[in-house]
Each structure stands twice: as structure tokens, then as C-alpha cells.
There are 2 protein chains.
Amino acid sequence: MTEIEKTLENHQVRPTAMRILIYKYLAEKEIAVALTDIESAFAKAERTTLYRTLKTFEEKKIVHQIDDGTGISKYALCESGCNCEIDQDLHLHFHCNNCNETVCLTEHKIPQIKVPDGFVSENVNLVVKGICDKCSGQ
Amino acid sequence: MTEIEKTLENHQVRPTAMRILIYKYLAEKEIAVALTDIESAFAKAERTTLYRTLKTFEEKKIVHQIDDGTGISKYALCESGCNCEIDQDLHLHFHCNNCNETVCLTEHKIPQIKVPDGFVSENVNLVVKGICDKCSGQ
DNA sequence: ATAACTAGTGCAACAGAAGTGCATTTATTG
DNA sequence: CAATAAATGCACTTCTGTTGCACTAGTTAT
Ligand SMILES: [Mn+2]
Ligand SMILES: [Mn+2]
Ligand SMILES: [Zn+2]
Ligand SMILES: [Zn+2]
């Protein structure tokens with residue numbers, strides 16, 4: 001039993017062939033991926049299967065969904081530092097306006113945000129847009 | 001010539017009947033509205049016209065687009081405190097998980113966000129989710 | 001005022017992403 | 001092995017956003 005299989009089972013997800021492949025794909029990519037990315041990577045696989053795999057992964061906290069403002073949902077593997085179960089204290093995300101890639105800045109936590117009286121903050125989505133390290137030439 | 005007509009012309013937008021109506025609608029609403037909201041409010045009008053009106057308003061800085069994480073673009077009138085032309089120093093937005101409404105918190109500016117070396121921050125989207133003042137009972 | 005031009009609108013059609021229902025296959029368990 | 005549950009494949013739908021094109025209204029030059 002491989003590491004990946006163990007990880008999946010730890011999250012109550014049965015390690016099917018497709019799921020292992022998708023997990024591997026997500027692990028190799030260092031950026032957040034959209035369903036269409038996975039579709040292109042696994043051209044022979046069914047879209048629905050890929051879609052439902054992502055949904056399962058999300059539900060079981062294997063990945064977290066990222067709304068980077070492009071209108072397309074992206075997903076990235078949760079790491080140890082990823083408290084997305086708590087739905088709070090999340091890291092921020094960076095979207096590059098040049099290469100169009102979105103990355104998790106897991107080391108960068110979202111600061112405390114004040115809201116007006118009467119408003120109750122439950123969680124915060126923060127996306128920084130600009131030029132990523134690869135594109136800034138440095 | 002009414003106030004609204006003046007405002008539109010100040011932004012180089014010709015004040016047609018439809019545009020005045022939509023502007024009024026946006027001004028009366030205190031929340032961010034989606035295209036579908038406007039569609040329901042003006043059932044007799046063409047969807048495309050409403051769509052293009054919003055796009056024109058956005059381009060001419062009469063409204064700003066809001067990505068509240070629902071996957072549906074919302075729009076709200078720009079106010080004097082709305083520096084959306086500069087694409088920086090923007091106010092934050094609040095999305096209520098209960099009533100599903102999104103409001104501009106124009107008084108609440110987005111704090112300075114640090115990004116890692118090599119990354120260049122151009123602008124920031126910050127959406128707080130939780131319970132709004134109307135729904136929190138206070 | 002009329003002609004020429006430009007901007008706005010209405011209608012139809014399209015694209016992309018997301019989601020659902022159902023039959024079929026695969027895996028698990030008694 | 002039989003019964004059951006989970007996963008997959010296929011088809012189809014919905015929703016949002018977007019574009020092309022013809023027509024109309026409004027603006028400007030002669
Ligand atoms: Mn992330
Ligand atoms: Mn706003
Ligand atoms: Zn980049
Ligand atoms: Zn509310």
C-alpha cells in the first residue's frame with residue numbers, strides 16, 4: 001500500500017485507480033488546478049468522474065477549493081498547515097495576472113479583519129493579484 | 001437635466017432611458033446586484049441590453065464589479081470613497097451566508113498584505129463571509 | 001432639413017462551467 | 001457465490017456570460 005493510498009484512506013476515500021492518479025497529478029503540480037486542467041491531463045477519462053473525484057476530495061478535506069476571481073474553481077491539496085476544516089485562519093492565495101496561475105501562499109495567513117457592529121465574520125477569502133515570482137523574473 | 005443624467009454624462013455615458021432606470025435601481029438597492037437581479041426587476045427589458053449597460057457602467061467607472069465567491073458577478077455603484085480606478089486601496093466586501101446578500105463596506109479598507117519575495121501585488125480581493133447586521137438580529 | 005454617421009437596442013445563437021439522473025461496472029461484505 | 005454498496009460512464013440540462021448581426025434612435029456635418 002503506497003503513501004497516497006494511505007492518505008486517501010485516512011480521509012475515508014477509497015483509493016481507486018483514478019483517484020490515485022488525480023491525487024498524484026495534484027501533488028506534482030505546485031499550483032491550483034481547475035477541472036479543465038485535469039481533463040486535459042487525463043483526456044481519456046470521463047469528465048464526470050474527474051468532477052466527482054474533486055468533489056469527493058473537497059468534501060473529505062483532501063483538497064480545498066480556491067476562488068481566485070477568474071470565475072473558474074481551482075483546487076489544491078491541503079497541507080498540514082491548511083486549517084480549512086476549521087473554515088478559518090486560512091492562508092491566502094496569489095493569482096498571477098501574467099501566467100494566469102494561482103498558488104497557495106500557505107505560509108501567509110490572513111490578517112484579522114474588522115467588520116462593522118452587527119456583522120459576524122465567519123471566514124475570509126483573500127486573493128492577491130499581481131505578478132508571480134516566476135513571471136517577475138526574480 | 002436630472003442628477004442621474006449629469007452623473008452619467010460626467011462618466012461619458014449617454015443617459016438613455018434604460019440606463020437611467022438601471023442607475024436608479026442600483027442607487028436604491030443598498031446591496032450589490034447581479035445581472036439576474038436586474039433582469040427580474042426589469043422583466044420587459046432585454047437581457048443583453050442590461051448586460052451591456054452593466055459592462056458600460058463598469059468600464060466607465062460608474063459601478064465596480066464584485067466577486068463575492070458565489071460564482072456570480074455582482075455590481076455596485078461606485079461612491080466617492082471608491083478608488084476602483086486605481087485598482088488599489090479598495091474597500092472590502094461582506095457576503096452574508098444567511099440572506100445571501102453582498103454589501104460594500106466602503107469604510108473598511110483592505111489592510112496591507114505581505115507577499116513573498118519575487119511576487120508583486122497589484123491588487124487585492126477581500127471578501128468576508130458571515131452573518132450580516134440584518135440577519136444577526138442586531 | 002436632410003444625409004451620413006455613430007451609438008444603442010433587440011433577437012438569436014453560442015460557449016463554458018457546473019451539475020443531475022440513470023444504467024452499468026467494479027468492489028466489498030456476509 | 002450472492003447481495004449490497006460504491007464508483008464510473010454517458011447523456012442531458014441549467015445557468016451565466018458573451019458575441020454577431022440587423023435594426024432603430026440619436027448625433028453631426030453639409
Ligand atoms: Mn490554498
Ligand atoms: Mn464595493
Ligand atoms: Zn505568473
Ligand atoms: Zn444577511
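Convention: sequence-line order gives letters A, B, ...; per-chain numbering from 1.
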Rounded distance (Å) that lies between atom [atom2] of [N] and atom [atom1] of [X]:
X       : N      : atom1 : atom2 : result
B/Glu39 : D/dG17 : CD    : C1'   : 11 Å
A/Lys44 : D/dT8  : NZ    : C1'   : 16 Å
B/Glu9  : D/dT27 : CD    : C1'   : 13 Å
A/Phe42 : D/dA7  : CZ    : P     : 18 Å
A/Lys74 : C/dA18 : NZ    : C1'   : 15 Å
A/Tyr51 : D/dT14 : OH    : P     : 16 Å
B/Arg14 : D/dA25 : CZ    : P     : 14 Å
A/Leu35 : C/dA18 : CG    : P     : 6 Å

Using the side-chain heavy atoms of [X], tell me which of these nucleotides is nearest: [options].
X       : options               : result
A/Ile72 : C/dA17, D/dT8, D/dT16 : C/dA17
B/Arg19 : C/dT9, C/dT20, D/dT16 : C/dT9
B/Thr48 : C/dG8, D/dT18, D/dT19 : D/dT19

Pair of N/O donor and acceptor under 3.5 Å linking D/dC15 base with B/Thr36 side chain =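 A donor-acceptor contact between them is absent.
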Check whether the side chain of A/Arg47 and the base of C/dG19 form a donor-acceptor pair under 3.5 Å.
->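 Answer yes: a donor N or O sits under 3.5 Å from an acceptor.
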Mind checking A/Arg52 for me? I need base, sugar-phosphate or nothing, with any heavy atom below 4.0 Å counting as a touch.
->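 Touches a base.
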Determine: side-chain N/O of B/Thr16 to OP1/OP2 of C/dT9, distance under 4.0 Å, yes or no.
->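 Yes, B/Thr16 has a side-chain N/O under 4.0 Å of OP1/OP2 on C/dT9.
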NZ/B/Lys60: more than 12 non-hydrogen atoms of other groups inside 6.0 Å =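 Above 12, so yes.
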Judged by atom type as modelled, is there a donor-acceptor pair below 3.5 Å linking the side chain of B/Arg19 to the main-chain atoms of B/Arg14?
->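 At least one qualifying donor-acceptor pair exists.
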Hey, does A/Ile113 have a side-chain heavy atom less than 4.5 Å from the side chain of B/Pro111?
->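 Touching, per the 4.5 Å side-chain cut-off.
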Would you call A/Glu9 and A/Lys6 a salt bridge, taking side-chain N to carboxylate O under 4.0 Å as the test?
->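 No.
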